[in-house]
Amino acid sequence: MVTPPAARPHLPLRPLWICRTCAAPWPCATARLTLRHEYARDLVALRIYLCAQLHDAAADLHKLHPQNGPDPRTLFDRFLAWTPRSSPPAMNSDQGDGVG
């Protein structure tokens with residue numbers, strides 16, 4: 001039985017760094033949403049993970065195209081620029097609602 005595309009994980013196909021499911025440059029829109037959800041409580045870990053992926057992608061893509069290898073700014077935008085800048089404020093039960 002074939003898994004429908006919507007149910008397949010959007011993971012990178014190395015060394016091309018395209019999505020295995022939708023063939024968009026990875027991380028594709030679905031992968032970004034999934035990663036934001038998975039790392040919602042730890043944005044630092046999300047950025048560290050994506051930095052490691054960027055490093056691997058730069059190496060792989062440079063090997064594929066040594067003469068005109070990947071543009072660093074394009075890779076930064078693709079892997080990191082879309083990540084949230086800060087975590088939403090956490091509400092602790094002892095903080096109250098700030099009223100009064």
Review point. Just by modelled atom types, is the P9 backbone N or O under 3.5 Å from a matching donor or acceptor in the T21 side chain?
Key: yes
Revision key, fill the gap. Value for CG (L11) from SG (C19), rounded to nearest 0.5 Å, stands at 7.5 Å
Practice item. Identify the two heavy atoms, one from L61 and one from L75, that lie closest to each other, and give their separation to 0.1 Å. Key: CD1-CD2, 4.1 Å
Review point. What heavy-atom pair brings D60 and W17 nearest, and what distance separates the two atoms?
Key: OD2-NE1, 2.9 Å
Practice item. List the atom of W82, the atom of F79, and the distance in Å for their closest heavy-atom pair. Key: NE1-O, 3.2 Å
Review point. Hey, does the side chain of W26 reach the backbone of H10 with a donor-acceptor pair shorter than 3.5 angstrom?
Key: yes
Practice item. Please work out whether the ring planes of Y49 and Y39 are parallel, tilted or perpendicular, with thresholds of 30° and 60°. Key: parallel
Point to revise | Partners passing side-chain hydrogen bond (donor to acceptor under 3.5 Å, both in side chains) against R36 (at least two apart in sequence or in another chain) | key: none
**Study point:** Min side-chain heavy-atom separation L80-C51 under 4.5 Å
**Key:** yes
Exercise for review: Kindly give the heavy-atom pair with the smallest separation between A58 and P70, and that separation in Å.
Suggested key: O-CG, 3.7 Å
Check your understanding: When rounded to the nearest 0.5 angstrom, what is the spacing between CG in L54 and CZ in R47?
Key -> 14.0 Å
Check your understanding: Tell me, do D42 and L46 make a side-chain contact under 4.5 Å, heavy atoms counted?
Key -> no
Review point. With side chains defined as the heavy atoms from C-beta onward, is the minimum distance between L50 and L35 less than 4.5 Å?
Key: yes
Practice item. Examine distances only and state if a side-chain atom of R32 and a backbone atom of P27 form a donor-acceptor pair shorter than 3.5 Å. Key: yes
Check your understanding: Can you name the nearest heavy-atom pair linking L43 to P84, along with the distance?
Key -> CD1-CB, 3.9 Å
Practice item. Could you check if a side-chain atom of R78 sits within less than 4.5 angstrom of a side-chain atom of P25, using non-hydrogen atoms only? Key: yes
